[in-house]
Number of protein chains: 2
Amino acid sequence: MEELIVKLKEILGPDKVLTSLEDRIAYSYDGTFAQNLPDVAVLPESTDEVAVVVQIAAEHRVPVVPRGMASGLAGASIPFSGGIALSLTRMNRILELDEGNRTVRVEAGIVTADLQAYVEERGLFYPPDPSSNRQSTIGGNIACNAGGPRCLKYGVTGDYVLGLTVVLADGRVLETGGKAIKNVVGYDLTSLFVGSEGTLGVITEALLKLIAKPQFVRTARAEFPSLDDASRTVNAILSAGIVPATLELMDETAIECIEEAMHLGLPLDVEAMLIIETDGSDEEAVVREIEAVARICRENGARAVEVAQSEEERAELWRARRSVSPSLARRAPNKLGEDITVPLSAIPEAVRRIKEISARYGLPIVIFGHAGDGNLHPNILFDKRDPEQWARVESMVGEIFDVALELEGTLSGEHGVGTLKRPYMEEALGPVSLDVQRRIKQALDPLNILNPGKVLP
Amino acid sequence: MEELIVKLKEILGPDKVLTSLEDRIAYSYDGTFAQNLPDVAVLPESTDEVAVVVQIAAEHRVPVVPRGMASGLAGASIPFSGGIALSLTRMNRILELDEGNRTVRVEAGIVTADLQAYVEERGLFYPPDPSSNRQSTIGGNIACNAGGPRCLKYGVTGDYVLGLTVVLADGRVLETGGKAIKNVVGYDLTSLFVGSEGTLGVITEALLKLIAKPQFVRTARAEFPSLDDASRTVNAILSAGIVPATLELMDETAIECIEEAMHLGLPLDVEAMLIIETDGSDEEAVVREIEAVARICRENGARAVEVAQSEEERAELWRARRSVSPSLARRAPNKLGEDITVPLSAIPEAVRRIKEISARYGLPIVIFGHAGDGNLHPNILFDKRDPEQWARVESMVGEIFDVALELEGTLSGEHGVGTLKRPYMEEALGPVSLDVQRRIKQALDPLNILNPGKVLP
């Protein structure tokens with residue numbers, strides 16, 4: 001390891017190779033409770049430098065764990081086997097904006113919100129909006145195939161990736177895709193690296209598809225005495241051919257937590273609230289669409305439907321949804337947020353079963369999420385200092401996953417597998433799928449140096 | 001081979017194992033000029049039977065070449081190395097329509113138009129619309145990641161594949177994906193098999209995403225004296241935040257051919273025509289959108305813009321676009337249709353360079369295609385009986401590919417690589433990409449029995 005560090009410092013210069021304990025601690029964690037020190041943190045500034053790091057790591061058989069801003073929620077960027085924490089954060093440039101073709105080429109380390117602000121100033125739009133977008137990087141978003149509220153209408157991160165620059169496990173540089181919107185030449189390597197969580201290659205640059213920025217938006221909030229009605233409403237809206245930009249659900253516990261913290265005057269006697277947004281380039285059509293949404297809500301049992309009449313009112317409606325996560329801190333010192341996705345029709349059953357788990361274990365679970373996609377975030381509230389509570393939380397997570405799988409759903413809609421969901425992969429995907437995935441990993445990273453111990457059990 | 005055939009007949013029954021010359025001829029071709037006899041054609045009726053066929057093929061090291069209706073345009077389903085032509089056409093059932101979750105599970109051999117008619121009767125919609133959809137199968141569409149005019153707004157085949165059942169090279173059955181709309185659990189195997197042209201596994205079933213059927217549609221045709229103006233218009237429409245369902249281009253030679261054949265009164269003094277369609281669930285919004293499209297066409301140099309005022313007028317506008325391919329037969333006995341995709345801004349340059357190739361080689365090239373995606377179909381008109389003409393055609397194809405690559409485009413937007421484009425893969429993708437693809441092929445099909453000699457050079 002010492003020899004490797006000397007070599008890295010020689011080639012990259014000492015300011016890009018950090019070895020003090022303080023520095024190593026800074027690269028030891030992500031957005032979960034887990035943590036492990038790397039032997040060294042490296043901050044390359046170009047694809048070529050990343051390639052050199054990976055080559056040296058391969059020569060020394062040392063793990064390379066790529067990371068952006070480490071806001072991930074599955075432990076994917078924690079260097080559990082030590083080795084090199086490879087931070088892409090210094091590679092944060094916009095390399096080319098092609099306004100005529102609505103594409104942008106960026107380095108992996110750019111913060112997503114920074115990219116979004118840059119293109120929106122020019123009338124363009126990068127839709128994927130993980131709630132971490134002010135911290136997380138495009139490279140991390142791609143490595144996890146991040147989602148967000150707007151994915152219902154606009155699709156997930158992967159739907160905007162036209163091409164990638166990837167450093168392979170032997171240090172060679174792979175270019176995938178290109179500016180052509182349709183491309184069926186060879187295997188879809190771009191999609192293979194999207195969501196691979198740094199285990200198949202290090203994403204260093206991305207060519208992204210942009211769209212015209214929607215000019216108009218309308219927002220509604222609907223209160224449902226019955227969760228079943230709220231869920232039926234989600235389906236009724238989509239069946240009517242309306243695809244809202246967002247269609248967010250909060251359950252009664254979420255509403256209570258927000259109200260305790262924020263005093264927004266939210267109703268405490270409903271089972272669910274929906275926040276629905278329509279957008280587009282034709283103001284009248286956007287207004288007509290939100291009116292149709294409001295009508296469908298009322299027809300399906302909403303007690304009250306409020307449509308924002310101004311930007312201030314719209315911000316007010318969103319305050320509730322945005323406050324969910326911070327509000328939970330008042331209830332308990334810690335929360336563990338899961339990320340299951342179920343078929344739309346199974347949402348009520350999923351929520352019922354999760355509430356039953358909460359009651360049985362005696363720890364609150366708050367449920368909110370992207371209802372239009374069936375993507376729910378059950379958050380378990382607890383006190384981590386109490387080992388007995390932590391043990392209960394771990395069992396509860398397993399039962400929540402069982403619910404997702406029994407309802408034909410999946411363990412993760414947008415957070416990824418990382419380390420935390422690995423133990424459940426066999427049950428979720430079965431032995432044949434895992435064998436195929438292991439063969440692909442083996443084919444691309446035969447020495448198992450790229451983010452070892454992640455994704456595949 | 002005889003032993004293998006005996007075994008197949010024993011296990012599947014003789015009516016599913018065809019060996020007569022007539023039968024083998026029926027399974028020897030696709031939509032190209034190429035042809036080669038299989039040793040045997042096999043028509044399994046279930047995933048299990050496909051698995052048995054592949055197992056036996058693996059034991060005997062005999063090639064398995066999957067095919068649907070063999071309407072492909074790249075030679076992907078021709079058994080060039082003999083072996084087993086594996087026809088999926090008897091597996092054409094709809095297995096489950098889940099109206100609540102808007103999904104349908106089908107066998108791979110169902111004809112795409114049959115599936116579309118079935119779901120549309122129930123108010124649902126499967127958007128991808130390759131022009132072969134009355135012949136081609138869903139399995140073939142998925143294996144080639146087929147496109148079509150509607151892909152501009154709705155995306156390509158792969159965007160609707162939620163999950164697959166795939167028989168692997170060793171006869172094991174892999175299930176990928178599921179009903180959850182968002183799924184980031186493990187590598188995206190679904191996308192890996194989409195577009196893999198039968199070289200990584202045999203797709204036997206698919207779980208497809210449906211949407212609500214758009215209730216209203218409006219169509220416009222715009223005549224452009226200048227091709228550059230037509231191309232600029234495409235970009236202006238998309239930049240305005242309008243995403244038409246289709247945005248089709250025909251060049252002057254295409255217009256001439258159609259007019260010669262059909263006498264529709266098309267203008268012979270323009271360089272290009274666009275056919276543009278808007279659709280949705282709100283009639284007024286759809287009308288406003290087509291009006292905005294018409295205005296943008298006029299502002300960008302369209303000489304005349306016609307918006308269909310009735311279903312009859314709409315059918316009339318589409319007659320021209322639908323007649324392109326058949327009309328070409330009047331000009332020459334044969335045509336070879338290519339499928340390049342270029343960035344939108346490069347369309348005028350691509351068309352100019354292709355016309356220059358046509359002039360230099362003295363053979364007409366007709367250009368039409370899905371302009372909104374940059375996907376152009378240059379069709380070379382010639383007489384195949386004349387070997388000297390065929391030699392010219394082969395050189396012309398190479399030069400058309402060079403044009404696509406020089407303009408940051410790609411060899412194929414929706415037809416695939418098959419056999420025909422293999423010689424150009426190295427130039428298009430480079431050695432690193434090909435090496436990665438070969439490693440994946442080797443990992444999943446180490447005996448190289450699945451559609452050998454296709455896609456990868």
Side-chain angles (χ1 to χ4, degrees), chain A residues 100-101 144-145 147 156 172 174 176 178-189 191-192 194-196 212 214-215 235 238-242 281-282 285 288-289 341-345 373-375 408-414 416-417 425 428-429 432-433 436-437 439-440 442-444 455, chain B residues 100-101 144-145 147 156 172 174 176 178-189 191-192 194-196 212 214-215 235 238-242 281-282 285 288-289 341-345 373-375 408-414 416-417 425 428-429 432-433 436-437 439-440 442-444 455:
Chain A
N101 292 307
C144 296
N145 199 6
V156 294
R172 285 182 305 167
L174 168 71
T176 75
K179 284 189 183 175
I181 299 293
K182 290 164 74 179
N183 187 345
V184 294
V185 179
Y187 304 147
D188 183 357
L189 298 184
S191 293
L192 185 60
V194 170
S196 65
Q215 296 301 305
N235 238 320
L238 297 171
S239 294
I242 298 170
S281 60
D282 175 340
R288 290 157 61 87
E289 214 166 47
T341 300
V342 295
L344 287 195
S345 63
D373 293 315
N375 187 192
E408 293 189 77
T410 174
L411 306 182
S412 180
E414 52 187 27
V417 175
M425 287 287 277
L429 300 180
V432 178
S433 174
V436 170
Q437 298 191 46
R439 284 169 187 238
I440 291 170
Q442 168 72 21
L444 296 190
V455 182
Chain B
N101 292 308
C144 296
N145 200 5
V156 294
R172 286 182 303 167
L174 168 71
T176 75
K179 283 188 183 175
I181 299 294
K182 289 163 75 179
N183 187 344
V184 294
V185 179
Y187 304 147
D188 183 357
L189 298 183
S191 293
L192 185 61
V194 169
S196 66
Q215 298 300 305
N235 237 321
L238 297 171
S239 293
I242 299 170
S281 59
D282 175 341
R288 290 157 60 86
E289 213 166 48
T341 300
V342 295
L344 288 195
S345 62
D373 293 315
N375 188 191
E408 294 189 75
T410 173
L411 305 181
S412 180
E414 53 187 27
V417 175
M425 287 287 277
L429 300 180
V432 179
S433 175
V436 170
Q437 297 191 46
R439 284 170 186 237
I440 291 170
Q442 167 72 21
L444 295 190
V455 182

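Only a predicted model underlies this, so the values are computations on that prediction, with no experimental measurement involved. What you see below is based on every heavy atom in this structure, not just the backbone, and it leaves out hydrogens, waters and symmetry mates.
Judged by distance alone, with hydrogens and angles left aside, the side-chain atoms of Asn101(B) form a donor-acceptor pair with the main-chain N or O of Ser345(A) at under 3.5 Å. The backbone N or O of Glu289(A) sits nowhere less than 3.5 Å from a side-chain atom of Asp282(B) that would complete a donor-acceptor pair.
Nearest heavy atoms, Pro343(B) versus Lys179(A): CG-CB, 3.8 Å. Closest heavy-atom contact between Gly241(B) and Ser281(A): O-OG, 3.4 Å.
The residue among Gly186(A), Gly195(A), Cys144(A), Ala240(A) with the most heavy atom pairs within less than 4.5 Å of chain B is Gly186(A). Comparing Val417(B), Leu344(B), Thr341(B), Val185(B) by how many heavy-atom pairs each has under 4.5 Å with chain A, the most go to Val185(B). Heavy-atom pairs under 4.5 Å with chain A were tallied for Ala428(B), Gly147(B), Ala212(B); the largest tally goes to Ala212(B). The candidate with the highest count of non-hydrogen atom pairs below 4.5 Å against chain A, out of Gln437(B), Arg172(B), Arg439(B), is Gln437(B). Among Asn235(B), Asn145(B), Ile242(B), the residue with the largest count of heavy-atom pairs under 4.5 Å with chain A is Asn235(B). Taking Val156(B), Val455(B), Leu238(B), Val342(B) one by one and counting their heavy-atom pairs under 4.5 Å with chain A, the maximum is reached by Leu238(B). Looking only at heavy-atom pairs under 4.5 Å with chain A, the residue among Val194(B), Val184(B), Asn375(B) that has the most is Val184(B). Counting heavy-atom pairs closer than 4.5 Å to chain B, the top-ranked of the candidates Arg288(A), Glu414(A), Gln442(A) is Arg288(A).
For the atom pair Lys182(A) NZ and Thr410(B) OG1, the distance stands at 11.5 Å (nearest 0.5 Å).
Applying the side chain to side chain contact (heavy atoms under 4.5 Å, CB included) criterion to Thr176(A), with sequence neighbours excluded, gives Leu164(A), Leu174(A), Leu189(A), Thr190(A).
Using a 4.5 Å heavy-atom threshold, the side chains of Val436(A) and Leu444(B) count as touching.
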(request) Check the pair Ile440(A), Leu192(B) against side chain to side chain contact (heavy atoms under 4.5 Å, CB included), reporting the backbone distance first and the verdict last. (result) CA-CA 11 Å; Ile440(A) 291 170; Leu192(B) 185 61; 3.6 Å; yes
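Looking at Pro214(B), neither its backbone nor its side chain comes within 4.5 Å of chain A, counting heavy atoms on both sides.
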